[in-house]
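Okay, structure first, notes after.
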Amino acid sequence: MQFAPVFRSEWLKIRTVRPLLATLFVLFTVTTAFSALASLDPGDPGADPLFTALSGTALGQVATVTFGALAVSAEYREGAAARLSLTAVPRRGLWFAAKAAAIAAVVLVVALVTMPAALLAGLSGLGDAADGLTTADQVRGVVGGAVHLTLMALFAAGLAMLLRSGTATLSVLIPLILIVSFVAGDAFGAVADFMPDRAGQTVLRAEPDGTLGPWTGLAVSACWTAAALLAGAWRLRRQDA
């Protein structure tokens, strides 16, 4: 069996599940709205203008991990969908690769629309404070931010396949993003820079001030994602649907 028809079938599944489409709408609105709001009152006058303009990405991550987790866990509601999918595509690795690719493609497209909108909203709020940003900085923030959001969705997808539960996956990832990393991350020092979400967000800074640079941060996030996908693929191959 070839990859293309399996990919198309997974793409059609995503299009027909309304909660998944709703999370994509939330991704756009939350990221754009919070970027605009944060830019109106940046607080610290020395704050990184690019990171401030794209600060809604920190909350947009919640929508992307929800999308990735639900796209996989929907297969395991009572087990019927997963058994049907694997009957149609007996090669489990091919099926999971196609599902991951469909998740990545959808999130990347939506993120590539969301990030420019968030940037424009953020820059309009910053006004003169954003004058120092170069075009290269802005392009890196938009493209790198879209890649980061895609990696987070795939990270959640891999973890959901490993745990076979969207609830369990979100119970781990949402506190990680909103509490451990976003609120208490600074207490962990340099170790926090290597958390999957914080590492990827380095690309959103015009002048990274931590351990990682923009692209090395994305690479660390990609390593976390690869590990989660491999763990999910391992469980898929080892256990029954």
Practice problem: Supply the atom-to-atom distance Met115 CE to Gln138 CD, rounded to the nearest 0.5 angstrom. | Solution: 12.0 Å
Quiz item: Does any N or O in the side chain of Thr32 come within less than 3.5 Å of the main-chain N or O of Thr29, such that one atom is a donor and the other an acceptor?
Solution: no
Quiz item: Hey, is the main chain of Arg205 close enough, under 3.5 Å, to the side chain of Arg140 for a donor-acceptor pair?
Solution: yes
Quiz item: Should Leu230 and Trp95 be regarded as members of a common hydrophobic cluster, given that ILVMFWY residues are connected when their side-chain heavy atoms come within less than 4.5 Å of each other, either directly or indirectly?
Solution: no
Quiz item: How long is the gap from NZ on Lys99 to CD on Glu10, to the nearest 0.5 Å?
Solution: 4.0 Å
Quiz item: Mind checking whether Trp11 and Leu27 sit in one hydrophobic cluster, side chains of I, L, V, M, F, W, Y counted as touching below 4.5 Å?
Solution: yes
Quiz item: Taking the side chain as C-beta and beyond, is there a heavy-atom pair between Leu176 and Val172 under 4.5 Å?
Solution: no
Exercise. Determine, using the 4.5 Å side-chain heavy-atom cutoff (strictly less than), whether Val17 and Phe7 are members of one ILVMFWY cluster.
Key: yes
Self-check item: Rounded distance (nearest 0.5 Å) linking atom CG of Leu40 with atom OG1 of Thr52
Solution: 11.5 Å
Self-check item: Rounded distance [0.5 Å steps], CG in Leu24 versus CD1 in Ile14
Solution: 8.5 Å
Quiz item: Going from CG on Leu173 to OG1 on Thr66, what distance comes out if it is rounded to the nearest 0.5 angstrom?
Solution: 9.0 Å
Quiz item: What pair of heavy atoms forms the shortest contact from His148 to Ser221, and how long is it?
Solution: ND1-OG, 4.1 Å
Quiz prompt | Minimum-distance pair of heavy atoms, taken over all atoms of Gly145 and Val203 | solution = N-CG1, 3.8 Å
Quiz item: If every non-hydrogen atom of Leu218 is compared with every non-hydrogen atom of Gly200, which pair is closest and at what distance?
Solution: CD2-O, 4.0 Å
Quiz item: Are Phe194 and Val65 grouped together when hydrophobic residues (ILVMFWY) are joined by side-chain heavy atoms under 4.5 angstrom apart?
Solution: yes
Self-check item: Contact summary for Ala100 and Leu229, nearest pair of heavy atoms
Solution: CB-CD2, 4.4 Å
Quiz item: How is the hydrophobic cluster of Phe28 composed, in terms of its other members, when Ile, Leu, Val, Met, Phe, Trp and Tyr link through side-chain heavy atoms under 4.5 Å apart, directly or indirectly?
Solution: Val113
Practice problem: Indicate if Leu119 and Leu108 have the same hydrophobic cluster label, given that clusters are the connected sets of ILVMFWY residues with side-chain heavy-atom separations under 4.5 angstrom. | Solution: no
Contacts under 3.5 angstrom, residues 153-163 side chains, donor-acceptor by atom type, not counting sequence neighbours:
none

Practice problem: Compare every heavy atom of Ser35 with every heavy atom of Thr57, then report the nearest pair and how far apart it is. | Solution: N-OG, 4.4 Å
Quiz item: Do the non-hydrogen side-chain atoms of Ile103 and Val72 ever get within less than 4.5 Å of each other?
Solution: yes
Quiz item: Of all residues at least two apart in sequence or in a different chain, which pass the side-chain hydrogen bond (donor to acceptor under 3.5 Å, both in side chains) check with Thr16?
Solution: none
Quiz prompt | Val147 and Leu151, any side-chain heavy atoms less than 4.5 Å apart | solution = yes
Exercise. Report the residue from Leu133, Leu54, Asp137 that forms a side-chain contact (heavy atoms from CB on, under 4.5 Å) with Pro49.
Key: Leu133
Quiz prompt | Heavy-atom side-chain contact between Ser39 and Ser124 under 4.5 Å | solution = no
Practice problem: Under the side-chain contact (heavy atoms from CB on, under 4.5 Å) rule, what do Trp224 and Met195 come out as? Steps first, then yes or no, please. | Solution: CA-CA 9 Å; Trp224 279 97; Met195 293 180 178; 5.9 Å; no
Self-check item: Validation row: Phe67, Val106 side chains within 4.5 angstrom (heavy atoms)
Solution: yes
Self-check item: Backbone N/O of Glu207 and side chain of Asp48: donor-acceptor pair under 3.5 Å
Solution: yes
Quiz prompt | OG1-CE distance between Thr225 and Met152, expressed to the nearest 0.5 angstrom | solution = 7.0 Å
Quiz item: So which heavy atom on Arg164 is nearest to which on Leu236, and how close?
Solution: NH2-CA, 3.8 Å
